[in-house]
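Each remark here refers to the structure printed beneath this line.
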Amino acid sequence: MESSELYHIKQQFILGAYKALVDLPLPDTSSPEYISILLYKSRALLALNDTQSVLQLLPSGSENAAVKAVGSLARYMGADDSNDKEAALEELRDFSLEMEGDDYDGSDREKSLVRVLAGTAFARAGEVEEALETLGTETEDLEAVAVIVQIYLSINRPDLAKKQFERSKRWAEDDLLLQLIESNIGLVTGKDGYSNSSSFYTEQLANPSLSSPHILTARGITRLLRNEIQEAKSDLEESLEQQKGDAETLAAYVVAAGLGAMKKVEAEELWRQLENDHPNHPLVADMKEKGEQFDEFAAKFEIPPSISTAA
């Protein structure tokens, strides 16, 4: 049974309080919870895209498969060269296969976490089928279900995401992660006017022991979808104060500005900041693509003679 400290760390990780986990001191290596806390701290650093700190934090020569898998995921995320990325993915494939073998004597938790880390890497690489196969769509590991749901939502299959959630309710307790999964699905589908998602995020933010800009951003986005523009602006500003330059929060802040939360000149300045700081963000990429399409179509458009004469 996990201690109250480890339980609290797990809750913080689930709710995206990554900075709090990054600042957490590790227990002595002889502690029975050393590996668990090390893994949560390492994964929090990954969530903040600090891959170098992960590699510095992980002990060399560890035989724990989950520790090795975190290192491989960090190398994949931090690699610029395609060969280095593929090498890291191959490591994760090998670890996943090792978990399937009868001769591996690691814990069930360790095996499940390796699959979650490998599946996450495959999904980031665009290998959706491999990610789903690795995670196992019939799994009874709730972390794996959470990643599967995110994959389905990312490919516009909320119906399959709902099936995973309904299946999980049959064997999972009323777990915080299960509630988060339901809220994420509701955020995409707009069920009941986003009321469940809004209530969940508000409830978590009322917890005095939690400081999560991730949840603030999620509630801000929910409020945007509910046309609560000024309230959304307030949440997003608070989130940016806690985690300056976060790409998702800044993108949502840009949307809020464009919907009238700020003056036009301020909105345009925010958009330039998003373009400069996060040129690969999906919103920036989508706008760039649409701009190129407009220019292409405009170049092909011929002004009818009657109009040109009148001009």
Side-chain angles (χ1 to χ4, degrees), residues 12-13 15-23 41-57 70 73-82 84-85 88 120-121 123-126 150-151 153-154 184 187-188 201 205 211-225 228-295:
Q12 286 184 306
F13 180 78
L15 294 173
Y18 303 127
K19 291 194 72 174
L21 294 181
V22 165
D23 296 334
K41 182 167 182 170
S42 300
R43 295 169 70 194
L45 285 164
L46 285 180
L48 296 173
N49 292 311
D50 190 354
T51 57
Q52 285 303 310
S53 292
V54 175
L55 296 174
Q56 292 169 10
L57 179 67
V70 167
L73 179 55
R75 282 188 288 276
Y76 169 78
M77 291 175 59
D80 294 321
D81 183 78
S82 60
D84 292 338
K85 283 186 175 293
T120 298
R124 290 176 70 101
Q150 287 297 324
I151 291 172
L153 294 178
S154 73
N184 289 342
L187 194 59
V188 171
Y201 299 137
L205 289 168
S211 177
S212 174
H214 178 78
I215 295 296
L216 268 170
T217 297
R219 189 174 70 173
I221 292 171
T222 306
R223 285 175 159 174
L224 281 178
L225 294 167
E228 299 168 356
I229 308 303
Q230 290 302 322
E231 293 85 348
K233 176 175 176 285
S234 177
D235 277 347
L236 297 169
E237 286 176 342
E238 186 176 351
S239 180
L240 284 170
E241 286 175 7
Q242 295 182 25
Q243 191 168 295
K244 298 184 186 304
D246 179 68
E248 298 305 324
T249 308
L250 183 57
Y253 198 42
V254 167
V255 173
L259 290 174
M262 299 180 190
K263 297 177 180 178
K264 183 179 179 181
V265 64
E266 294 173 319
E268 290 174 346
E269 178 59 32
L270 279 173
W271 173 251
R272 285 192 292 272
Q273 181 184 345
L274 182 65
E275 278 187 308
N276 293 332
D277 295 352
H278 307 284
N280 297 320
H281 189 277
L283 181 60
V284 176
D286 186 53
M287 289 296 290
K288 182 180 178 181
E289 181 183 3
K290 285 181 170 56
E292 291 172 349
Q293 289 176 344
F294 178 85
D295 292 341

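Just so we're clear, the structure is a prediction, and the values are computed from it rather than from any experiment.
- Y18 places none of its side-chain heavy atoms less than 4.5 Å from the side chain of L45.
- Side-chain contact check for L48 versus K19: some heavy-atom pair is nearer than 4.5 Å.
- With hydrogens and angles disregarded, no donor-acceptor distance shorter than 3.5 Å links the side chain of H278 to the backbone of D246.
- D23 meets the salt bridge (charged side-chain N to carboxylate O under 4.0 Å, His left out) test with no other residue; sequence neighbours excluded.
- Between A267 and G258, the shortest heavy-atom contact is CB-N, 4.3 Å.
- Using a 4.5 Å cut-off on side-chain heavy atoms (C-beta onward), Y201 and T217 make no contact.
- Note that CG of D235 is 9.5 Å distant from CD of E228, once rounded to the nearest 0.5 Å.
- Between the CG atom in L250 and the CH2 atom in W271 there is a gap of 10.0 Å [rounded to 0.5 Å].
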Begin from the C-alpha positions of H281 and E248 and carry the test side-chain hydrogen bond (donor to acceptor under 3.5 Å, both in side chains) through to its verdict. CA-CA 8 Å; H281 189 277; E248 298 305 324; 3.3 Å; yes
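- Remark: E237 pairs with K233 by the salt bridge (charged side-chain N to carboxylate O under 4.0 Å, His left out) rule, at least two apart or across chains.
- Between Q230 and A261, the shortest heavy-atom contact is NE2-CA, 3.6 Å.
- Remark: R124 pairs with no residue by the salt bridge (charged side-chain N to carboxylate O under 4.0 Å, His left out) rule, at least two apart or across chains.
- Put simply, the side chain of D84 does not reach to within 4.5 Å of the side chain of R75, judged on heavy atoms.
- For D286 (side chain) and P282 (main-chain N/O), no donor-acceptor pair under 3.5 Å exists by modelled atom type.
- Between L270 and M262 the shortest side-chain heavy-atom distance falls below 4.5 Å.
- Note that CG of L283 and NZ of K288 are 14.0 Å apart. Values are rounded to the nearest 0.5 Å.
- The minimum heavy-atom distance between T51 and G78, with the atom names listed, is OG1-CA, 3.7 Å.
- Between the CG atom of L187 and the CZ atom of R219 there is a distance of 13.5 Å, given to the nearest 0.5 Å.
- Closest non-hydrogen pair, L57 versus S42, comes out as CD2-OG, 3.6 Å.
- For the atom pair CD (E289) and CE (M287), the distance works out to 11.5 Å, reported to the nearest 0.5 Å.
- The shortest heavy-atom contact between A17 and S212 is N-OG, 3.9 Å.
- Looking at heavy atoms from C-beta onward, L236 lies out of side-chain contact with L216 at the 4.5 angstrom threshold.
- Here the OG-CG distance, from S53 to L46, works out to 10.0 Å after rounding to the nearest 0.5 Å.
- Between R272 and E275, none of the side-chain N atoms (NZ, or NE/NH1/NH2) sits under 4.0 Å from a carboxylate O, so this pair counts as no salt bridge.
- Residues L15 and H214 have side chains not in contact (no heavy-atom distance under 4.5 Å, counting atoms from C-beta outward).
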Evaluation steps, side-chain contact (heavy atoms from CB on, under 4.5 Å), between T249 and Q243: CA-CA 9 Å; T249 308; Q243 191 168 295; 5.7 Å; no
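- When all heavy atoms of V54 and A74 are compared, the pair lying nearest together is CG1-CB, 3.8 Å.
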